[in-house]
J.: 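The structure's right below; bear with me while I get my questions together.
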Amino acid sequence: MGKRLQSKYKINRRLGENLWGRPKSPVNRREYGPGQHGQRRKKPTDFGIQLAAKQKLKGYYGNIGEKQFRRYFDVATNRKGDTGENLIELLERRLDAVIYRAKFVPTVFAARQFVNHGHVTVNGQRVTIPSYMLRDGDVVEVRQKSREIPMVLEATVSVERDVPDYIDVDNGKMTVKFVRGPKLADVPYPVQMEPKLVIEYYSR
């Protein structure tokens, strides 16, 4: 957890993009990568482009581990329909992603920690697994004692992000209903995500 939190902005600089669209991102000041060789310009290969697309998608959701991310890809491949769209839907069904989308916390890293610490319930049952997969109609609620946490109070009134229409948020009750699985075009990414390149990476 701590390692991920400390490296969240390194992800931005390494990829050269402001993944979460946050004003504090160092990419806003320095577009080159971290480290003494960060300013070197290299022409990316096809493999490099595909790898960057995978790292960008993994990083956006809190730097998901490679084994877990590969499992999402395998599940997406075995489902009917477009693999890229399936992959995005699976990632958006994660409990920590929905907490982040609902603006109950300021970052996806905070969302993971928020769930880990037992601050939310799903359909009335306490859930502490950030990767818990929500189904259509599931209702997530911030527990009563957790609603006064300063981070939560600040995040709910933030205008930094928009709430997508595939979740239904009630800020008064601090609940969010997962309405439906989204398509890529429905997800409010601040940067362009390219799941087709991720598929190409794993299909080599």
Side-chain angles (χ1 to χ4, degrees), residues 1-21 25 27 33-35 42 44-101 105 107-117 120 122 127-136 138 140 164 166-167 178 180-204:
M1 176 64 67
K3 187 176 180 182
R4 282 197 175 108
L5 285 170
Q6 290 169 10
S7 65
K8 63 181 178 180
Y9 288 134
K10 278 189 179 179
I11 299 169
N12 276 358
R13 287 191 59 203
R14 186 166 64 244
L15 296 172
E17 295 193 62
N18 188 350
L19 271 190
W20 303 281
S25 174
V27 175
K42 297 179 182 177
T45 61
D46 288 344
F47 171 78
I49 293 170
Q50 294 162 2
L51 175 62
K54 176 183 73 86
Q55 296 298 83
K56 185 161 63 171
L57 198 57
K58 272 179 56 179
Y60 181 85
Y61 289 94
N63 212 11
I64 296 171
E66 179 60 30
K67 286 184 179 179
Q68 187 176 41
F69 193 77
R70 178 62 196 244
R71 281 199 297 270
Y72 287 133
F73 170 77
D74 290 339
V75 172
T77 301
N78 292 326
R79 285 189 174 185
K80 291 182 179 179
D82 183 272
T83 301
E85 296 284 1
N86 291 343
L87 178 60
I88 295 299
E89 179 182 335
L90 287 169
L91 292 168
E92 285 293 308
R93 284 184 181 274
R94 287 175 57 102
L95 178 56
D96 57 357
V98 172
I99 291 294
Y100 174 64
R101 291 278 176 237
V105 292
T107 70
V108 70
F109 296 91
R112 175 177 288 155
Q113 196 170 45
F114 197 67
V115 175
N116 265 329
H117 291 179
V120 301
V122 178
V127 176
T128 58
I129 303 169
S131 61
Y132 180 90
M133 301 299 288
L134 295 172
R135 294 171 292 182
D136 293 359
D138 279 353
V140 181
Y166 49 89
I167 61 174
F178 193 88
R180 60 178 175 83
K183 300 294 185 184
L184 173 61
D186 300 325
V187 183
Y189 292 119
V191 297
Q192 183 180 6
M193 292 297 179
E194 299 169 293
K196 287 185 178 180
L197 291 177
V198 179
I199 294 164
E200 289 174 10
Y201 173 86
Y202 283 122
S203 301
R204 288 177 295 112

J.: Of all the heavy-atom pairs spanning Pro188 and Arg101, show the shortest one and how long it is.
T.: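 Closest heavy-atom pair between Pro188 and Arg101: CG-NH1, 3.9 Å.
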
J.: Tell me whether the count of non-hydrogen atoms from other residues, nucleotides or ligands lying under 6.0 Å of CZ in Arg135 goes above 12.
T.: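 No, the 6.0 Å shell around CZ holds no more than 12 heavy atoms from other groups.
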
J.: Nearest 0.5 Å, please: how far is OG1 in Thr83 from CG in Asn78?
T.: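 The OG1 atom of Thr83 is 8.5 Å from CG of Asn78, to the nearest 0.5 Å.
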
J.: Working to the nearest 0.5 angstrom, can you tell me the gap between Ile167 CD1 and Asp186 CG?
T.: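 Between atom CD1 of Ile167 and atom CG of Asp186 there are 12.0 Å.
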
J.: With rounding to the nearest 0.5 Å, note down the distance linking OG1 in Thr77 to CZ in Arg70.
T.: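 Going from OG1 on Thr77 over to CZ on Arg70, the span is 7.5 Å.
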
J.: I need the minimum non-hydrogen distance between Ala111 and Ile99, along with the two atoms involved.
T.: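 Minimum heavy-atom separation between Ala111 and Ile99: CB-CG2, 4.0 Å.
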
J.: For residues Pro44 and Ile49, report the shortest heavy-atom separation together with the two atoms involved.
T.: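 For Pro44 versus Ile49, the nearest heavy atoms are CB-CG1, 3.9 Å.
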
J.: For residues Asn86 and Lys80, report the shortest heavy-atom separation together with the two atoms involved.
T.: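 For Asn86 and Lys80, the tightest heavy-atom pair comes out as ND2-O, 3.1 Å.
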
J.: Can you run down the ring pair (Phe, Tyr, Trp, His ring centres under 6.0 Å) pairs that involve residues 63-87, sequence neighbours left out, and say none if there aren't any?
T.: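 Every ring pair (Phe, Tyr, Trp, His ring centres under 6.0 Å) pair that includes a residue of residues 63-87, provided the two are not neighbours, is Phe73-Tyr202.
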
J.: Nearest 0.5 Å please: distance from the CD atom of Glu89 over to the NZ atom of Lys183.
T.: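 Rounded to the nearest 0.5 Å, the CD-NZ separation comes to 6.5 Å.
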
J.: Ignoring hydrogens, what is the shortest heavy-atom contact between Asp136 and Arg180? Give both atom names and the distance.
T.: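 That would be OD1-CA, 3.5 Å.
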
J.: Would you verify whether the NZ or CZ of Arg112 falls within 45 degrees of the ring axis of Tyr132 while also being under 6.0 Å from that six-membered ring's centre?
T.: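 Relative to the ring axis of Tyr132, which defines the angle, Arg112 lies outside at least one limit.
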
J.: Determine, step by step, whether Leu184 and Asp82 satisfy the side-chain contact (heavy atoms from CB on, under 4.5 Å) criterion, reporting the C-alpha distance in whole Å, the side-chain angles of both residues, the deciding distance to 0.1 Å, and the verdict.
T.: CA-CA 11 Å; Leu184 173 61; Asp82 183 272; over 6 Å; no

J.: Between Tyr61 and Leu57, which heavy-atom pair has the shortest distance, and what is it?
T.: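 Looks like CD1-O, 3.3 Å.
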
J.: Would you mind writing out the side-chain donor-acceptor pairs for residues 190-201 within the sub-3.5 Å range, not counting sequence neighbours?
T.:
from   : atom 1 : to    : atom 2 : distance (Å)
Glu200 : OE1    : Gln50 : NE2    : 3.3

J.: Can you confirm whether Phe114 sits close enough to Asp96 that some side-chain heavy atom of one is under 4.5 Å from a side-chain heavy atom of the other?
T.: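 No, every pair of side-chain atoms sits at 4.5 Å or beyond.
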
J.: In Å and rounded to the nearest 0.5 Å, what is the CZ to CE distance from Phe178 to Met133?
T.: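 It is 8.0 Å, given to the nearest 0.5 Å.
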
J.: Please determine whether side-chain contact (heavy atoms from CB on, under 4.5 Å) holds for the pair Arg79 and Glu85, giving the CA-CA distance in whole Å, both sets of side-chain angles, and the decisive distance to 0.1 Å.
T.: CA-CA 10 Å; Arg79 285 189 174 185; Glu85 296 284 1; over 6 Å; no

J.: Could you check Leu95 against Leu134 for side-chain contact (heavy atoms from CB on, under 4.5 Å), going step by step and ending with a plain yes or no?
T.: CA-CA 6 Å; Leu95 178 56; Leu134 295 172; 4.2 Å; yes

J.: With side chains defined as the heavy atoms from C-beta onward, is the minimum distance between Pro164 and Val187 less than 4.5 Å?
T.: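 In short, these two side chains do not touch, never coming nearer than 4.5 Å.
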
J.: Roughly how far, to the nearest 0.5 Å, is the CG atom of Leu87 from the NZ atom of Lys54?
T.: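 CG of Leu87 is found 11.5 Å from NZ of Lys54.
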
